[in-house]
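Every chain is numbered from 1 and lettered A, B, ... according to where its sequence line falls, protein lines coming before strand lines.
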Amino acid sequence: MPLRLYNTSSRNLEEFEPSNGNKVTMYSCGPTVYTYAHIGNFRTFVFMDLLKRYLKFLGYEVNHVMNITDVDDKIIQRCSEEDRSREDLTREFTDAFFKDMESLNIEPASKYPKATDHIEEMQSLIAQLITKDYAYQSKDGSIYFRLDKYPDYGRLSKIDREGLAQTERVSNDEYDKGSIHDFALWKAWKEEDGDIAWDSHWGRGRPGWHIECSAMSMHYLGETFDIHTGGIDLMFPHHENEVAQCVCATGLTFAKYWLHNEHLVIDGAKMSKSAENFYTLRDLLNKGHSSTEIRYLLLSTHYKQKVNLTFEGLRAAASAVERLRELKRKLEKSAVDVENAADQGPIGDFREAMNDNLNISAGLAVIFDWARELNRRLDNEGLSAFEASEALSFLSKIDSVLGVIEDEEIELSKEDLELIKERETARREQNWSRSDEIRDYFKKKGILLEDTPDGTIAVSI
RNA sequence: GGCGUCGUACCCAAGCGGUCUAAGGGAACGGUUUGCAAAACCGUCUUUCGUCGGUUCGAAUCCGACCGACGCCUCCA
């Protein structure tokens, strides 16, 4: 079975066929950098990482662009509250964002364009829309998109405009607009914006939120590209508006495949600051959870399904990862030439599972089935050095998708290595008190010594 | 009101009409193994899939009703 993905555009599973051979163009909505990203944001980023890693596993080359929103209402508000410059604030949280991404072992995108570095591209897109009469300037100088001119509006998110008209939130928010649903492409400068403004043909101001993704995605990936990802909440209005802007400007299809991931909930409830169940990655790390177990938990639930973050779930994730890592350590004990070993394992079954719209649960089941069988053999007849190498090679291939098995090796000092040797001698001589003494010494350092038929393994606790 | 999602054994979770007396992970309990551990392996928790009906030779899977949880409808990953 070829790779099939659920395309929000058609609300159907579709066979994935990139426009340009094995080159895939992919755009993901990134963070607004006015505070630390929360763990729910990272569910989304881990999902796009899984998708990208899997495409690469299948042999695709992925050109992945993720924007950094470094100008918007919340940023301006934060700057004014803290009396900081926009540059200063957004630099701090952009840095924090990249640090968190790295900690979750999320592979960097090919490019992370900042909105403020692409004001020109946005302005030129707006100009095109004005020329084609899809946009107009209101009395206050802002530029709005003219929804009435675009009958397909609402197609992606299945929102119908009649329904829109009835929501209170909109009607309470009247502007000098042609229609109350028209959205801003360019926001005219207001006093509270301070010095956060750029010159344009239409006067000083700043870009609307949606225009940055339209301008930057097309700038880096072309007017039509393969995959657009984002959290399910962005479907409307953000992605709907992106589509409107691009399609009206170019007359072409914008993104071919739209992939939206579900949200994360905490103990089954929506995460919110008032419910006191709001966590950043840092919060969880400070509570003693590892970034690996967090990544595994975020990864192990299908992306179209809400993932429930619980502390019990995190512990379960940690155990599951440890199971695979333990197997890897055992294999390493007897492997020889991993570099040259062909991978040997149920790679086809794994691919089959993942090709079904990234059915990670089924994929993991394949891996754990394989792991149990291998452990059984290790317990019974044992593996040859060559077989162990082949198994390791398989594990490494799988981990190129999962990104949770590879672990930093414990660094043992010369003295520690000597002690381990001494213990092995003591054990041979049945000197159990000395042997246990050494094991206790390591335990106090947070290292567990496990005795296997192939020798002693040091594991960090 | 509109659009959409979901309810599977102690917990998480796959399943998309027969191979389901339900994959996989976690927890617990027993056993094997081990100098003791740790890890691993074996077994139990599993005739059951929110409830009630219907369709079918056959349903966790399709249809209907009901109950329950939830998301979006211009702040939002």
Inter-nucleotide C1' distance (B:rA59, B:rU8), Å rounded
14 Å

Please confirm whether the backbone N or O of A:Tyr34 pairs with a side-chain atom of A:Arg78, one donor and one acceptor, at under 3.5 Å?
yes

When we call it a touch if two heavy atoms are under 4.0 Å apart, what does A:Ile360 touch: a base, just sugar-phosphate, or nothing?
nothing

Contact class for A:Gly40 vs. all strands (heavy atom < 4.0 Å): base, sugar-phosphate, or nothing?
base

Take atom CG of A:Asp454 and atom P of B:rU33, then tell me their distance rounded to the nearest Å.
20 Å

Does the side chain of A:Met26 reach to within under 4.5 Å of the side chain of A:Ser110, using non-hydrogen atoms?
no

Nearest-Å distance, NZ (A:Lys270) to P (B:rG71)?
6 Å

Below the 4.0 Å mark, does B:rC42 have OP1 or OP2 next to a side-chain nitrogen or oxygen of A:Arg376?
yes

Donor-acceptor list for residues 359-372 of chain A side chains, cut-off 3.5 Å, not counting sequence neighbours:
from	atom 1	to	atom 2	distance (Å)
A:Asn359	OD1	A:Ser361	N	3.4
A:Asn359	OD1	A:Ala362	N	3.1

Side-chain N or O of A:Asn380 closer than 4.0 Å to phosphate OP1/OP2 of B:rC41
no

Given the structure, check if the side chain of A:Arg439 and the base of B:rC36 hold any donor-acceptor pair shorter than 3.5 Å.
yes

How close or far is atom C1' of B:rC6 from atom CG of A:Asn308, stated in whole angstroms?
13 Å

If you measure from the P atom in B:rA39 to the same atom in B:rC29, how many Å do you get, rounded?
13 Å

Separation of the C1' atoms in B:rG24 and B:rU32, to the nearest angstrom
23 Å

So is the aromatic ring of A:His302 stacked onto the base of B:rA14, judging by whether the centres are under 5.5 Å apart and the planes are under 30° apart?
no

Considering heavy-atom distances to RNA chain B, does A:Glu450 or A:Leu297 have its closest nucleotide positioned more toward the 5' end?
A:Leu297

When the ring planes of A:Phe45 and A:Phe42 are compared, do they come out parallel, tilted or perpendicular, using 30° and 60° as the limits?
perpendicular

Side-chain donor/acceptor of A:Asp436 to base of B:rG35, under 3.5 Å
yes

Using whole Å, report how far NZ of A:Lys306 lies from P of B:rA14.
13 Å

Whichever of A:Gly230 and A:Ser300 has the more 5' nearest nucleotide on RNA chain B, that residue is A:Ser300

Side-chain N or O of A:Asn375 versus OP1/OP2 of B:rC41: is the shortest distance under 4.0 Å?
yes

Could you tell me whether the side chain of A:Arg325 and the main chain of A:Ile405 form a donor-acceptor pair under 3.5 Å?
yes

Classify A:Thr452 by what it touches in the nucleic acid, base, sugar-phosphate, or nothing, heavy-atom distance under 4.0 Å.
nothing

Output, in order, the C-alpha distance, side-chain angles, deciding distance and verdict of ring pair (Phe, Tyr, Trp, His ring centres under 6.0 Å) for A:Phe145 and A:Tyr153.
CA-CA 11 Å; A:Phe145 185 91; A:Tyr153 190 79; 7.2 Å; no

Distance check needed: B:rG4 P versus A:Phe236 CZ, whole Å only.
15 Å

Derivation and outcome, side-chain hydrogen bond (donor to acceptor under 3.5 Å, both in side chains), residues A:Thr310 and A:Asp267:
CA-CA 5 Å; A:Thr310 64; A:Asp267 290 318; 5.0 Å; no

Residues that A:Glu102 engages under side-chain hydrogen bond (donor to acceptor under 3.5 Å, both in side chains), provided they are two or more places apart:
none

Would you sketch RNA chain B in dot-bracket for me? Only Watson-Crick or G-U wobble pairs with both distances under 3.5 Å count, crossing pairs as [ ], other-strand pairs as |, the rest as dots.
((((((((.[[[..)..(.....]]].(((((.......))))).....[[[[[..)....]]]]])))))))....

So what does A:Arg423 hit on the nucleic acid, given a heavy-atom distance under 4.0 Å: a base, only sugar-phosphate, or nothing?
base

Hey, can you tell me if A:Phe225 and A:Phe254 have their rings parallel, tilted or perpendicular (30° and 60° cut-offs)?
perpendicular

Is there a donor on the side chain of A:Thr44 or the base of B:rA77 sitting less than 3.5 Å from an acceptor on the other?
yes

Answer yes or no: side-chain N or O of A:Ser361 and base N or O of B:rG25 forming a donor-acceptor pair under 3.5 Å.
no

Is the backbone of A:Arg351 close enough, under 3.5 Å, to the side chain of A:Tyr54 for a donor and an acceptor to pair up by distance?
yes

Quick check: any donor-acceptor pair below 3.5 Å linking the side-chain of A:Asp451 to the base of B:rC36?
yes

Stacking between A:Phe368 and the base of B:rG24 (centre distance under 5.5 Å, interplanar angle under 30°)?
no

How many whole angstroms separate atom NE2 of A:His181 from atom P of B:rC73?
14 Å

Of residues 98-114 of chain A, the positions that come close to RNA chain B - non-hydrogen atoms, cut-off under 4.0 Å
none

Are the aromatic rings of A:His118 and A:Tyr220 close, with centres under 6.0 Å apart?
yes

Evaluate the side-chain proximity of A:Leu374 to A:Leu331: yes if any heavy-atom separation is below 4.5 Å, no if none is.
yes

What's the gap between B:rC62 and B:rG18 when it is taken at their P atoms, as a whole Å value?
11 Å

Would you mind listing every ring-ring contact (aromatic ring centres under 6.0 Å, His included) that reaches into residues 424-461 of chain A, with sequence neighbours excluded?
none

What is the distance, to the nearest angstrom, from the CG atom on A:Asn261 to the P atom on B:rC72?
14 Å

Contact class for A:Lys304 vs. all strands (heavy atom < 4.0 Å): base, sugar-phosphate, or nothing?
nothing

List in numerical order all residues of residues 314-327 of chain A for which some heavy atom is under 4.0 Å away from an atom belonging to RNA chain B.
A:Ala316, A:Ser319, A:Ala320, A:Arg323, A:Glu326

Can a donor-acceptor pair be found, under 3.5 Å and without considering hydrogens, that links the side chain of A:Asp70 to the backbone of A:Thr116?
yes

Distance check needed: B:rC16 P versus A:Asp356 CG, whole Å only.
9 Å

